[in-house]
Structures are given as structure tokens and as C-alpha cells.
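Predicted model, so just to flag it, every value in this text is computed and none were measured. Numbering of ligands and ligand atoms starts at 1, following listing order.
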Amino acid sequence: MASDKLRIACTVREAREAIAAARAANQRIGLIPTMGYLHDGHVSLIDLCKNHADYLVVSVFVNPTQFSPHEDLSRYPRDFERDRHLIEAQGAHLLFAPTTKEIYPEDSQIRYEIRVLADHLCGPKRPGHFEGVLLVVSKLFHIIQPDVAVFGQKDLQQLLIIQRMITDLNFPIQLIAGPTIREPNGLAMSSRNSYLTTGERRESATIYRALQEARQLIESGERSASIVIEALMKRISKVQGSRMDYIGIVDLARLQPVEQIQGRIAIALAVYIGQTRLIDNMILEVNHGKVQEIPAFH
Ligand code: PAF
């Protein structure tokens, strides 16, 4: 599917006009929300969306409400021209690139409150983060009114919280999860990888290796979450310049820590390599002797 020409909308009104025309032509609308500085992970999400929609909308917006004051909002990588070319080359139809003023014309007074799913993992480490994500994603859902929206599984907690918002608030949107795309050395692709020095990039390959070793430990019969977490900690602590933020083994339905590894679980972690915070995860289905890697939505 190649789009004739990529249309760019910077205002809500322009976006709504473009979408109304696509809807009038009976097209199924797909949305891929991003914060820009696109990489192959985003490209794979756009590709995936082509299987589910006729009219592809990619949003590029670095959302201030999901950053805490000490986080990297001002230095978050941006390259609009490069993103535009990539999005056009992928055959998307509309690029929605609003300014902060357009999305937040006034200080918003309304916030989400997230129960259970944000209790662990990134939730306590990034207070207000998922509330900010839901705020912007729900605004994007209202503006674009997509039939389908695609998010990456690398941000597993975000993915499950957004799915829950869709269910709880009756958004008529199908959520599709895209698999994590990795660098040749196993590092999960992320716009923040651009912060890494060559040495740090090499070192960070250990994160995925450690997850694979955790899986092997479980395959060999280990079922104690604390033993697997300890093994992961030990492995990652050897990485030069690393600092563990968290490692959790949680059930996939509620993201609550488990003691015994059984059923559908996720091993999720965040680690600083130098100044850069990287996240990754592995989802497993463990049924007696059988251990299988599974996607978030099975
Ligand atoms: O995953 C991201 O890039 C962002 O959290 C999202 C979903 C685009 C919301 O700003």
C-alpha cells in the first residue's frame, strides 16, 4: 500500500478534516502514536498496521505530561525531517505533528488514576508517567478516532495500561501489539539508544542475554522468582557503568509480583547504562515442564 502523498496536519482541525475524508471513503483508520526519532521498531509498527487498516496515521508528539521534571524532556532526540521521510517511505497517509500548545492549549485539569497495573515496575519509579501517557493517548484517540491503534510490546506496562483504558472507558478501538525489534546484538530498539556511547551500546547487549539466561534457568526447572531475579541482578551488575532500577517477575494479567513462576508471566526490567535508562521484558507461558515465549496478547 503506497500513499499518493503524505499529508501533514499540525492542528487538530487539519487532522480531523483529513480523517473525515478517509472515513467518507469508507477507509479503516489505523493510528501509530510515536514521540518521533523513529527507528526500525516504529517502522515495524507502521508495517503491522497495514494488515489492519487502509488509512495510516502516524503521530509524532513528544508529550511533556509523561516526563517528570528531572527527566529528559528537553534533550529527548528529535529529527522531524528524517521522521517525515521515513513515514512517507512507509506509505503512511497522514502525519499528525501538533505543537504542545495545540494538544495542551491550557493547563489540563483532568487526570487519570490508574489502579493495580501501575503499582509495580515503572509505575513507582516514574510517578505520573502512565497518567501522562493515558492523557495524551486518549486525546489522540479522540482526535483521530482510529479503528485500530498499534503499540510496541517493549513498553509492556504501557501497552497493558492502554488496553485497560480502552476496555474500561469503552473506546471502540482494537489494540494491536507489535513485537520488540532488536539491534543485531539483542538490544531492544528505542529512541533513547541514541544517548548511548559505542562502549555503552556494546555493554547493553547483556540485558537481553541476561533475559535469555533467565528463561534458560526457568526451562531447567527453577520456579522461584527471587532466585531468577537474583541471577539476573548478578549478571547485569557486571555490566560496566550499570545501575539497576528494578527487576520484576509479574503475572501478565495484573502485573503483580509472583513468588512462584507459573502460568503467564513477564520478566521486566529497567537498568541505567551510564545516564541512559533502558527497559526490556520477556513474556513466558510456564505450564508444568513447558516454557514458551508468548506475545502480550495471546
Ligand atoms: O510509547 C511512546 O512513544 C509514547 O509513550 C506514546 C505512546 C507515543 C505516548 O506519548
Trainee: So, do Phe171 and His142 have ring centers that fall under 6.0 Å from each other?
Mentor: yes
Trainee: Tell me yes or no: between the side chains of Tyr55 and Asn26, is some donor less than 3.5 Å from an acceptor?
Mentor: no
Trainee: Tell me the protein heavy atom at minimum distance from atom 9 (C) of ligand 1, and give that distance in Å.
Mentor: Gln66 OE1, 3.3 Å
Trainee: For Phe151, counting its heavy atoms only, list the atoms of ligand 1 lying under 4.0 Å from any of them.
Mentor: 7 (C)
Trainee: Hydrogens and angles aside, do Gln292 and Arg264 bring a side-chain donor and acceptor to less than 3.5 Å of each other?
Mentor: no
Trainee: Looking only at heavy atoms, is any part of Ile162 under 4.0 Å from ligand 1, and if so is it the side chain, the backbone, or both, or is it neither?
Mentor: neither
Trainee: Can a donor-acceptor pair be found between the side chains of Gln216 and Ser220 at a distance below 3.5 Å?
Mentor: no
Trainee: Could you tell me the residue and atom name of the protein heavy atom closest to atom 3 (O) of ligand 1, and the distance to it rounded to 0.1 Å?
Mentor: Met35 CG, 3.6 Å
Trainee: Please report which non-hydrogen protein atom sits nearest to atom 1 (O) of ligand 1, along with the residue it belongs to and the distance in Å to one decimal place.
Mentor: Gln158 NE2, 2.8 Å
Trainee: For ligand 1, which atoms, with element, lie under 4.0 Å from some heavy atom of Val136?
Mentor: 9 (C), 10 (O)
Trainee: Salt bridge or not between Glu14 and Arg7? Use side-chain N to carboxylate O under 4.0 Å.
Mentor: no
